[in-house]
Amino acid sequence: MSENENHERSTVSVIGLGQMGTRLAQAFLAAGYQTTVWNRTAEKADALVAQGAVRAATAAEAVAGSTLVVVCLPNYETVQGLLGPVAESLRGRVLVNLTSGTTEAAGRMADWVAGHGAEYLDGAAMSGTRLVGRPEALFVFSGSPEAFTAHRVVLASLGNAVHLGADPALAPLYDTALFGLAWGALAGFYHAVALVGAEGVDPTAFAAVATGHMPFVTSLMADHARQIEDGRYPNDDGTVEVHAAAMEHLVDTSEAQGVSTDVPELVKALLDRARAAGYGADGIASVVETIRKGEGHV
Ligand SMILES: NC(=O)c1ccc[n+]([C@@H]2O[C@H](COP(=O)([O-])OP(=O)(O)OC[C@H]3O[C@@H](n4cnc5c(N)ncnc54)[C@H](OP(=O)(O)O)[C@@H]3O)[C@@H](O)[C@H]2O)c1
């Protein structure tokens, strides 16, 4: 069956209509798919039913209603508790689990689903609820490549649907890694807002300038990823030594403005450790060596 034929016949069920599950169901409906919905508190399905969704009376009915079954619940224990009693109805279907959890839980869930004759995709919604249904909303999936290929078009109704690989643990691994990345950037932003705010700069005015700076920052990632792969750190973007000195200025300026120094101190600690390990004259991507290995210069 071609991907397109499969797409035309696809139906989707969404189990769990909290903040995220509701947006998922809305996106499937907006893309024109027959969407069956179930929620423990039945009234939460009312608005979706008014928009054209099919109401399932039970979770079992929701599973039986579609080839593609999407669950979005608070945790894996809840998913297991809900689907455990109806596991036999999963046979021949694809379960997509957009519940947040650990890599271990994803592996256990994949084994459990396979044991009931179904295919499994773990997934993570990376762009909050606001962007769901728009092309820039990132959704990462991992697990059965065949299931992803067969349902790629339907899953793309949610946003930018990216398959990371066959190992189901990859989606929760990326989920936590990207969460840390986002927080690294946001911690820097919140510190910067406090710092310029001490001189009376309006957060909105600062955000406009900061947003214009971010393409440069993100452009470093691909270059630095290649350097990390090669294990060679050219210092075109400045040496560890130079950046450590600049970070010292940020700490001093923060102190002078009466702003907490914990965010720049954290970065300074990374740079100091890289310098102590012998990377002072290398490029800044070399800090990864001391993060992942805790070893000195080789
Ligand atoms: N919201 C976000 O921005 C966001 C972003 C990324 C990932 N996520 C992930 O998406 C998942 C759901 O988050 P959410 O924000 O949608 O949560 P939520 O708004 O709190 O909704 C939780 C849902 O789970 C249902 N539920 C809870 N316990 C249950 C049980 N024992 N049996 C059956 N149903 C149960 C609730 O049903 P009732 O309506 O009956 O209470 C509700 O539908 C989480 O894993 C979260 O980490 C959320």
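Order of listing sets the numbers, starting from 1, for every ligand and every atom in it.
Salt-bridge annotation for Asp111 and Arg108: absent, with no side-chain N of the basic residue lying under 4.0 Å from a carboxylate O of the acidic one.
Residue Asn39 holds the heavy atom nearest to atom 36 (C) of ligand 1 of all those in Asp175, Val79, Thr41, Asn39.
The heavy-atom pair separating Leu158 from Ala27 by the smallest distance is CD2-CB, 3.9 Å.
Counting atoms of ligand 1 from 1 in the listed order, those under 4.0 Å from a heavy atom of Gly16 are 43 (O). Short contacts between ligand 1 and Cys72, defined as distances under 4.0 Å to a heavy atom of the residue, involve ligand atoms 10 (O), 11 (C), 12 (C). Atoms of ligand 1 found under 4.0 Å from any heavy atom of Thr99, numbered from 1 in the order shown, are 45 (O). Heavy-atom contacts of Lys44 reach the following atoms of ligand 1: 38 (P), 39 (O), 41 (O) (cutoff under 4.0 Å).
Protein non-hydrogen atoms do not reach within 4.0 Å of atom 20 (O) of ligand 1.
Atom 16 (O) of ligand 1 has Met20 N, 2.8 Å as its closest protein atom, hydrogens excluded (heavy atom only). Annotation: atom 24 (O) of ligand 1 to nearest protein heavy atom, Pro74 CD, 3.2 Å. If you check which protein heavy atom lies closest to atom 44 (C) of ligand 1, you get Leu73 O, 3.4 Å. Of all protein heavy atoms, the one lying nearest to atom 3 (O) of ligand 1 is Thr129 CG2, 3.6 Å.
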Original post:
What do the steps show when you test His243 against Asp237 for side-chain hydrogen bond (donor to acceptor under 3.5 Å, both in side chains), and what is the final call?
Top reply: CA-CA 9 Å; His243 279 258; Asp237 301 310; over 6 Å; no
Original post:
For Asp122 and Tyr76, what are the C-alpha separation, side-chain angles and deciding distance, and is it a side-chain hydrogen bond (donor to acceptor under 3.5 Å, both in side chains)?
Top reply: CA-CA 11 Å; Asp122 209 282; Tyr76 282 55; 2.7 Å; yes
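At least one N/O-N/O distance between Gly18 and ligand 1 falls below 3.5 Å. Close N/O approach between Ala125 and ligand 1 is not found [any backbone or side-chain N/O within under 3.5 Å]. Looking at Ser100 next to ligand 1, an N or O pair under 3.5 Å apart turns up. Between Gln19 and ligand 1, an N or O atom pair is found at a separation short of 3.5 Å. Taking distance alone, with nitrogen or oxygen atoms compared against 3.5 Å, Leu82 stays at or beyond that limit from ligand 1. For ligand 1, the polar-atom distance check finds an N/O of Arg40 within less than 3.5 Å of one of the ligand's N/O atoms. Taking distance alone, with nitrogen or oxygen atoms compared against 3.5 Å, Leu17 approaches ligand 1 more closely than that limit.
Sequence neighbours left out, the pairs with a member in residues 51-69 that pass salt bridge (Lys or Arg N to Asp or Glu O under 4.0 Å) are Asp46-Arg55. Listed by first and then second residue, the salt bridge (Lys or Arg N to Asp or Glu O under 4.0 Å) pairs involving residues 86-104 are Glu88-Arg91 (not counting sequence neighbours).
Connection of Val37 to Val154 is established within a shared hydrophobic cluster, with ILVMFWY side chains joined at heavy-atom distances below 4.5 Å, either directly or through further cluster members. Val69 and Val94 are assigned to two separate hydrophobic clusters, defined by single-linkage of ILVMFWY side chains at heavy-atom distances under 4.5 Å.
Using a 4.5 Å heavy-atom cutoff, the side chains of Thr99 and Thr78 are not in contact.
For Tyr174, the OH atom sits in a loose shell: 12 or fewer heavy atoms of surrounding residues, nucleotides or ligands are nearer than 6.0 Å.
In this structure, Gln51 contributes its side chain and Ala47 its backbone to a donor-acceptor pair below 3.5 Å.
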